[in-house]
K.L.:
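My structure is below; once you've seen it, I'll send some questions.
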Amino acid sequence: MQPRLTRAFFARPVLEVAPELLGCTVSHAGVTVRLTEVEAYDGSNDPGSHAFRGRTPRTRVMFGEPGGLYVYFTYGMHWCANLVCGPTGAASAVLLRAGEVVAGLEVARRRRAGVIDRDLARGPARLAMTLALTGDQNGMDTLDTDCPLVIRLPVAGTWSGRAGGAGSPGGTVRTGPRVGVSGPGGQAAAYPWRFWLEGEATVSPYRAGTPRPPKPVGRSREQ
DNA sequence: TTGACGATTAGCT
DNA sequence: GCTAATCGTCAAC
C-alpha cells in the first residue's frame, strides 16, 4: 500500500503541488479514483479563485490548513472538490477535475447508473459524485489518520498504460488553460494552470469560459 | 431583502 | 452545437 500524502506535500506552492497530484489515488466511500486532471487556484492573486475576494463563510476552508478538503456547490446541483495547498492562509487550492476509477468499480457504477466507466469521474462534478463527496465532507482534514478520505502516492507499475507508455506512475504531464473559468476581466483563463496526464481517456473535454454578455441598457428586451 | 451569477452536466436539435 | 435545470453565495440596495 502506497504511503499517504503529508502536510509538507500540500504546504508547498500550489503550482508545484498540482502536477504532482496527478496519478495519486483518492479513496472515499468505497471508491478509489486515480487523478488524471487537476486545476490550480492561487487564492490571493487569482481572479478565477473563489478566494480572490477575500475570506467569506464559504471560502473559510481555503484559508485553513493545507490538506483540507474544500467542497463547494455550484449551478444549483453540482458539488466540486478541492484540496487546500500552500501555507495556511494562502487560500490556494487544487480542483480535482477528473480521474479513473481503479477500485470500487461496482460501487461507482451503482452510484452512477447508466454512465459508462470512462465517464464515472470524468469532470469535477462527476468525480465528486462518484466519490460521494458533498457539503458534508467540506472542511475535512484529509491528513487526519481518521479521515474517511485518503490520498495516496501513485502506485508504481500500475499505471494503466493505455496511453501506450510503459509509463511512470504519472505518465506525461501536460498543461493548458483552465476550463470554464471566466472571472473579472476574463483574465483568469489565461493562466495555464490546468494539468492533465497525456493520452488519458478520462481527461474531461476542454471548454472555454462563457464570456459574460454585456448588460442590457434601459430597454427591456433587445433582439 | 433582492437579484445576478456560477471552477457543470445531461439532454436536446 | 445550444440550453435548461436549480440553488447557494455574495454584492448591492
Side-chain angles (χ1 to χ4, degrees), chain A residues 14-15 17-19 21-22 26 33 35-63 68-86 90-99 108 111-139 175-196 202-218 220-223:
Chain A
V14 65
L15 291 181
V17 176
L21 280 171
L22 294 172
V26 181
V33 161
L35 296 176
T36 58
E37 185 184 3
V38 298
E39 273 177 13
Y41 288 86
D42 187 4
S44 42
N45 317 307
D46 182 357
S49 170
H50 288 169
F52 181 61
R53 291 172 207 281
R55 189 182 181 131
T56 67
R58 178 169 71 151
T59 58
R60 174 185 56 85
V61 176
M62 294 184 79
F63 287 82
L69 185 71
Y70 169 50
V71 187
Y72 70 90
F73 187 67
T74 190
Y75 291 99
M77 63 194 86
H78 297 304
W79 295 97
C80 298
N82 298 249
L83 291 166
V84 177
C85 297
S92 298
V94 175
L95 170 69
L96 310 183
R97 281 203 62 85
R111 204 168 274 156
R112 309 230 40 225
V115 174
I116 64 171
D117 289 354
R118 186 201 63 178
D119 288 350
L120 285 171
R122 189 187 193 220
R126 292 159 164 176
L127 185 145
M129 213 181 307
T130 290
L131 287 174
L133 295 173
T134 69
D136 290 344
Q137 281 72 42
N138 186 41
T175 68
R178 291 178 296 187
V179 176
V181 177
S182 43
Q187 303 292 330
Y191 301 110
W193 289 351
R194 172 177 172 244
F195 302 88
W196 69 94
T202 51
V203 172
S204 60
Y206 174 76
R207 287 185 309 280
T210 47
R212 196 180 307 173
K215 242 186 188 161
V217 197
S220 54
R221 202 176 307 165
E222 216 155 86
Q223 200 267 172

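Just so it is clear, the values below take in all heavy atoms, side chains as well, and ignore hydrogens, waters and symmetry mates. Order of the sequence lines fixes the chain letters, A, B, ..., with proteins taken first and strands second; residue numbering starts at 1 for each chain.
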K.L.:
Atom OH of A:Tyr191 to atom P of B:dA7: distance rounded to whole Å?
P.N.:
16 Å
K.L.:
According to a 3.5 Å limit on both distances, what stems of 3 or more consecutive Watson-Crick or G-U pairs are formed with DNA chain C?
P.N.:
B:1-6 with C:7-12, B:8-12 with C:1-5
K.L.:
Distance from A:Tyr191 atom OH to A:Leu15 atom CG, nearest 0.5 Å?
P.N.:
10.5 Å
K.L.:
Using ring-ring contact (aromatic ring centres under 6.0 Å, His included) as the criterion, list what pairs up with A:Trp196, not counting sequence neighbours.
P.N.:
none
K.L.:
In residues 117-125 of chain A, which residues come under 4.0 Å of DNA chain B by heavy atom?
P.N.:
A:Gly123, A:Pro124, A:Ala125
K.L.:
In chain order, what residues pass the side chain to side chain donor-acceptor pair (under 3.5 Å) check against A:Ser204, with sequence neighbours excluded?
P.N.:
A:Glu37, A:Arg97
K.L.:
In whole angstroms, how far is the P atom of B:dA7 from the CH2 atom of A:Trp193?
P.N.:
16 Å
K.L.:
Quick one: side chain to side chain donor-acceptor pair (under 3.5 Å) partners of A:Asp117, sequence neighbours excluded?
P.N.:
A:Arg109
K.L.:
By side chain to side chain contact (heavy atoms under 4.5 Å, CB included), which residues pair with A:Arg60, not counting sequence neighbours?
P.N.:
A:Arg55
K.L.:
Taking the side chain as C-beta and beyond, is there a heavy-atom pair between A:Leu96 and A:Leu35 under 4.5 Å?
P.N.:
yes
K.L.:
So, A:Tyr41 and B:dA7: ring centres less than 5.5 Å apart, planes less than 30° off, yes or no?
P.N.:
yes
K.L.:
Who pairs with A:Thr56 by side chain to side chain donor-acceptor pair (under 3.5 Å), at least two apart in sequence or on another chain?
P.N.:
A:Thr59
K.L.:
Along nucleotides 6-13 of chain C, 5' to 3', which nucleotides get a B, which get an S, and which get a -, given that the test is a protein heavy-atom distance under 4.0 Å?
P.N.:
BBSSSS--
K.L.:
Is any side-chain heavy atom of A:Glu39 closer than 4.5 Å to a side-chain heavy atom of A:Val94?
P.N.:
no
K.L.:
At 4.0 Å (heavy atoms only), tell me whether A:Arg112 reaches a base, stays on the sugar-phosphate, or touches nothing.
P.N.:
sugar-phosphate
K.L.:
To the nearest angstrom, how far is A:Phe52 atom CZ from B:dC5 atom C1'?
P.N.:
17 Å
K.L.:
Take atom C1' in B:dC5 and the same atom in C:dT3, then report the distance between them in whole Å.
P.N.:
16 Å
K.L.:
Under 6.0 Å between the ring centres of A:Tyr41 and A:His50?
P.N.:
no
K.L.:
Side chains of residues 74-83 of chain A: which donor-acceptor pairs under 3.5 Å do they make with residues two or more places apart or in other chains?
P.N.:
{"residue": "A:Asn82", "atom": "ND2", "partner": "A:Tyr70", "partner atom": "O", "Å": "3.3"}

K.L.:
Using whole Å, what does the distance between atom C1' of nucleotide B:dG11 and atom CZ of A:Arg126 come to?
P.N.:
12 Å
K.L.:
Just how far, in rounded Å, is P of B:dT9 from CD1 of A:Ile116?
P.N.:
14 Å
K.L.:
Please tabulate, one pair per line, all N/O donor-acceptor pairs under 3.5 Å involving side-chain atoms of residues 127-139 of chain A, not counting sequence neighbours.
P.N.:
{"residue": "A:Thr130", "atom": "OG1", "partner": "A:Leu120", "partner atom": "O", "Å": "2.4"}
{"residue": "A:Thr130", "atom": "OG1", "partner": "A:Arg126", "partner atom": "O", "Å": "3.1"}
{"residue": "A:Thr134", "atom": "OG1", "partner": "A:Asp136", "partner atom": "N", "Å": "3.2"}
{"residue": "A:Thr134", "atom": "OG1", "partner": "A:Gln137", "partner atom": "OE1", "Å": "3.4"}
{"residue": "A:Gln137", "atom": "OE1", "partner": "A:Thr134", "partner atom": "N", "Å": "2.8"}
{"residue": "A:Asn138", "atom": "OD1", "partner": "A:Val71", "partner atom": "N", "Å": "2.9"}

K.L.:
In whole angstrom, give the distance that lies between atom CZ of A:Arg97 and atom C1' of B:dT9.
P.N.:
12 Å
K.L.:
Please report, rounded to the nearest Å, how far the P atom of B:dT8 is from the CH2 atom of A:Trp79.
P.N.:
15 Å
